[in-house]
Structures are given as C-alpha cells and as structure tokens.
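A short worksheet on the structure shown next.
First listed ligand is number 1; within each ligand, the first listed atom is number 1. Note that the numbering runs from 1 along the sequence shown for the chain. Since we're looking at a predicted model, the values are computed, not measured.
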Amino acid sequence: MRATVTAHKDYTISKIDDRVYGAFLEHLGRAVYTGIYEPGHKTADKNGMRGDVAQLVRDLKVPMVRYPGGNFVSAYNWEDGIGPRADRPVRLDYAWHTSDSNAVGIHEFADWCETVNTEMMLAVNLGSRGLDHARNFVEYVNGPTGSYWGDLRKKNGRADPWDVKMWCLGNEMDGPWQVGHKTADEYGRLANETAKALRMFDKNLELIVCGSSNSDMATYPDWERVVLEHTYESVDHISLHMYFGNRAKNTANYLALSEKLDTYINTVASTIRYVKAKKRSKRNVYISFDEWNVWYHSNVQDRAVLEGNEGWPHAPRLLEDIYNFEDVLQVGCILNTFIRRSDVVHLACIAQLVNVIAPIMTEPGGDAWRQSIYYPYFFASIFGRGTALQLQVNSPGYDADVADNVPYLDISAVHDEDAGTLTFFAVNRHGTESLDVDVALQGFTAGQVFDHQVMTHTNLEAVNNLTNQNAVTPKPGTGAKVEGGRLTARLAPHSYQMIRVKV
Ligand code: AHR
C-alpha cells in the first residue's frame, strides 16, 4: 500500500497550545493514595509523595494537571483537605462509593505540582454546592493575605497565593450520574453567575464551562448551544470528554473511533461559532478536551465496588485499565486528532495520570512503571510542541462503523521553528499490510531524519505489568530517509511511528 502526503511550511493549522498535553488526577481509586502519595514508600519525599512517580511525570513534561475531579468534585468539600491532617474528616465519596481520608488536599497537591513542574487546573463543585463555595475556594487559592481566606491559607503554611489561572466550572453537569446533575438551562445560569463572580475577583482567570460528557449523550449537541448561550461572554473554554473502547474486539472499528472524535470537535466548534454569531460577539471560546483516554478494560472488575457491594473502601483498585499494544495505536490517533484540531482545542487532559486509566502504574510499596500508552503520550508531549501543519494526505481507506473511507494512514506534523525540526506522528491502521509513505517537503530546506521511533508488536494484546514492565516499548526505526525534498518511510502493519527531520 502507498500513501502520499504534502507538508508545506506555510500551510499551517495553528500554533499548538502546550497545554493540550495536560493530564487529569482525581480523588478516585489509587490515583492519589498509593499513586502520587504514599508516605512510607522508599522513594517518598518529606510530604509523602512518591519520588519514582514524580520522576515519571516530570519526564512527560506534563504542562498542567486537572484536579480534584471528575465526578468526585461534585460532592467535594475542599475545606476538608486543609489544616492539620489529624483534624481532617474522613468523608464518603458518592461518585465512586469509596471513602477519602483527605490526607491530600489543595496544599499537598499544589506542592506536588511544584515538584513535577506543572500548572494546576482546578475544578469547583457546582453539583452539591454553588457560587459561594466556588468563590471561597478561588479566594483561598488566589486571594491576598489580609483577608479571611488568604490569612487562613497562610496559617495553613502558604502565604503566597498560588495564582491558579484555569478553573473548571463543575464537571459533566449533563450526566444523570452526577451529584447535582442539572438541565442545560439550570447549569448554564449557575455557571454564568459563578463565572461573573469569579471574574469580579480576577478578570484574568481562564474559565472552563461543561460541555457534553460524550457525543452519545441524548442532550448533545443542544447542551452546548444552550450552555454557551448563557455563558458565552463569561467563559474561555468549553469542556468535552470522550473515552474509547474495543468491547466488540474489532480492531478496525476501534481504530476508526478518532473519526468520531474529530466529528465531535467539529460539531462543537460549529456550535461555538453559531453562538458567537448569534451574540454578535468578538470573543472566542475554545475547546478544553479535559478527559480523554481508552477506558474499558477494567469495567467488569470495577462493578462490585461501584455498586456498593464492598462498602466504602479507601483507595481500592478502581478503573485500573491495563493497556495493551492496540491501545498505543488508538492513543496515537487521538493525539494526532488534537494536533490537527489545535486551532480549536487549546487545552486537553489525558484521563488520568496515575493508576486510574493512566499511563503510569504503581504497586503499593513497590515499583512504578510505564504502561504501553505512556509512549505515544510522551512523544507527543515532548516533541509535539510548535506549529501544526495542514497536511494534504492521500491514503487508501476502509469503511468502519463510525465513518466511511477511514484512511489507513493517520498522520500529523509539527514544525518547531526555533529548534529547526519537523516531527511526524503516524499510525498505520492496516493490520497486515505495510504502508509506503512519501512526503513532499515543500518550503523547507530539509536535512536528514535524525530520530525515528517505532512501536509495533506481534501481539495486539501485549501489555506492560509489574512483572514484565517492558513488553511494549518503542524501538529505533530504520529506513526513513530524506532525498530530493521527499521523506520516505515504510510503516509496518499496525504500527505507531515518530519521524523527526532537521529543517
Ligand atoms: O475519569 C473518570 C471519570 O470519567 C470522571 O470522574 C468523570 O468526569 C468521567 O465520567
């Protein structure tokens, strides 16, 4: 099979917002407890944070982390997580039918963010609580000393405001599973009034309003229209979520799901434009894709806890998907979609970061390791910064459940002008045939391929786990070369590739 691509230096999509490589960490299962936090672990720092996990996060250069939920935030009292640990209450978490010791709260999370060099994106509870709680939390985090909340923060050990810019106005408020679920009109009004109040405190906050929990929701896409009609002038981003699964064990259909993601983004981008026109507004609102990942492997094993049959366990193993090689291809296609839609998707978070549907896994008292999907996320986060190019792609395709003529070649390209590099991320969706790719490099003075990484495996179901942590890893590729202004490479069947060229 053959595919041709044209990459022209001046045909650009957008400068990519680095924050599209963000991640999410919720008080859920072992994401926090025995994930990032495990006092007594041999690598723990003075705050009880695991050093091995922090290093894996630092390696990813995660630009921001969304916290503390998720469904968890919709019944969360942030005040439970401040002050002396011994005085913090154990609370029942209705979202995941667990209990939370509150040993980690905003101070511990903020300190951890500093150690892993990441920015905080915080969510306020608009489920069981409302505007007043939201403004108190924002003031506690960002307000000056000399006032009640700033002084309390100082008393609890932090005098300087953290100056958190990104604030999510609740989570998945369209979902009937949410504590405090609302209709679009109820939520839109509350979100707008909350946003207005937060802007009275600081007009420069970046506010994120809830869009649909996924594009299969009955209320989608009218939810976006109604919510934006209420909030258009007071928010900066609308949040979307999507999870991917191969329940039917059909790889071709599974790998086509990024087409559905693309349609979802397109539809919401159109809805944003519609409301902008209707409001005669000059303001731009963008998409925050603040939950995305593969999530299905752990569904059956989670039932007992989620249905309440285990009581209220603290930090049980929940949503611990063990990712396989096939998921590497899926995550590669998802990240390519975000790069190609970087004109409208400015923020995004892999959900989640540690243990819970996550690229990083830990064993309590033991190792931390990289799941298979760590690698495509790593490559995109480290080398996918710069300007996304508008590629012209001619690839053979196939018909799938979600779309027809899905190209076998899924590809994106990022030009980093400062570093003088052009980086291609490519997936061959074909299971048995190689793909000979020929890229015309136009407007560039192209040097040689200086880095080529390949992920491929004879077994789509191969996984990394505690006892075999390196079954699925990238290997240096061979054969990719630049000649006469053309990059050529042979992509093995079902492979993920990163090819970097000096320009
Ligand atoms: O990431 C797991 C859960 O998925 C989040 O808590 C929720 O927002 C979504 O439904």
Side-chain angles (χ1 to χ4, degrees), residues 22-33 35-36 62 64-76 78 91-98 100 109 121-128 166-182 187 191 208-220 223 227 237-245 261 264 287-299 301-303 305-306 315-323 327 331 334 347-361 371 373 377:
F24 172 40
L25 197 73
E26 177 168 6
H27 279 243
L28 194 186
R30 302 191 307 115
V32 171
Y33 305 108
I36 63 167
V62 180
M64 57 137 173
V65 179
R66 177 172 177 253
Y67 174 88
N71 297 340
F72 170 82
V73 82
S74 292
Y76 179 54
W78 64 270
R91 293 274 187 196
L92 303 186
D93 163 35
Y94 293 3
W96 304 105
H97 219 281
T98 55
D100 194 316
F109 177 67
M121 174 198 246
L122 296 177
V124 298
N125 171 355
L126 291 188
S128 67
M166 291 171 281
W167 290 88
C168 302
L169 303 169
N171 174 71
E172 291 189 352
M173 299 307 303
D174 62 327
W177 58 85
Q178 207 69 221
V179 174
H181 163 233
K182 293 172 177 53
Y187 171 66
I208 300 120
V209 73
C210 294
S212 293
S213 302
N214 59 69
S215 60
D216 294 326
M217 297 296 294
T219 45
Y220 163 82
W223 173 276
V227 166
H237 308 266
I238 183 158
S239 149
L240 303 182
H241 297 171
M242 185 168 175
Y243 290 99
F244 302 75
L261 169 65
Y264 187 17
I287 291 172
S288 172
F289 220 105
D290 44 42
E291 286 185 35
W292 67 267
N293 205 350
V294 174
W295 175 12
Y296 78 103
H297 298 285
S298 60
N299 290 170
Q301 80 209 28
D302 286 346
R303 261 185 223 147
V305 174
L306 298 184
R317 292 182 189 262
L318 268 182
L319 278 64
E320 298 204 2
D321 274 39
I322 304 301
Y323 292 116
D327 302 324
V331 166
I334 296 168
L347 311 175
C349 302
I350 189 170
Q352 300 191 8
L353 187 56
V354 184
N355 286 333
V356 170
I357 41 175
I360 298 170
M361 290 300 291
Q371 293 233 54
I373 62 163
Y377 176 45

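Neither the backbone nor the side chain of Val356 has any atom closer than 4.0 Å to an atom of ligand 1 (non-hydrogen atoms only). Under 4.0 angstrom from ligand 1, the non-hydrogen atoms of Tyr243 all belong to its side chain.
Close approach of ligand 1 to Phe24 (heavy-atom distance below 4.0 Å) involves ligand atoms 1 (O). Remark: ligand 1 atoms within the under-4.0 Å shell around heavy atoms of Gly70 are 5 (C), 6 (O), 8 (O). Heavy-atom proximity to Asn71, at under 4.0 Å, picks out these atoms of ligand 1: 5 (C), 6 (O), 7 (C), 8 (O), 10 (O). Atoms of ligand 1 lying under 4.0 Å from any heavy atom of Ile357, numbered from 1 in the order shown and given with element: 1 (O).
Two rings, from Tyr187 and Trp223, have their centers less than 6.0 Å apart.
Protein heavy atom at the shortest distance from atom 6 (O) of ligand 1 is Glu26 OE1, 2.6 Å. From the protein, the heavy atom lying nearest to atom 8 (O) of ligand 1 is Glu291 OE2, 2.7 Å. Among all protein heavy atoms, the one lying closest to atom 10 (O) of ligand 1 is Glu172 OE1, 2.7 Å.
The residues Glu291 and Arg66 are annotated as salt-bridged, a charged nitrogen and a carboxylate oxygen being separated by less than 4.0 angstrom.
Considering backbone and side-chain N/O of Trp96, none are found under 3.5 Å from N/O of ligand 1. Remark: ligand 1 and Trp177 share no N or O pair separated by less than 3.5 Å (distance only, no angle test).
Under a 4.0 Å heavy-atom criterion, Trp295 is in contact with ligand 1.
The environment of OH in Tyr94 is sparse: at most 12 heavy-atom neighbours from other residues, nucleotides or ligands sit within 6.0 Å.
The aromatic rings of Trp295 and Tyr243 stand perpendicular to each other, their planes meeting at an angle above 60°, with 30° marking the opposite boundary. Between Trp292 and Tyr377, the ring planes lie perpendicular to each other; the angle is over 60°, past the 30° to 60° tilted range.
Panel note: side chain Asn355, backbone Ala31; no donor-acceptor pair is recorded below 3.5 Å. Put simply, the side chain of Gln178 never gets that close to the backbone of Met173: no donor and acceptor are under 3.5 Å apart. For Asn71 (side chain) and Ala95 (main-chain N/O), no donor-acceptor pair under 3.5 Å exists by modelled atom type.
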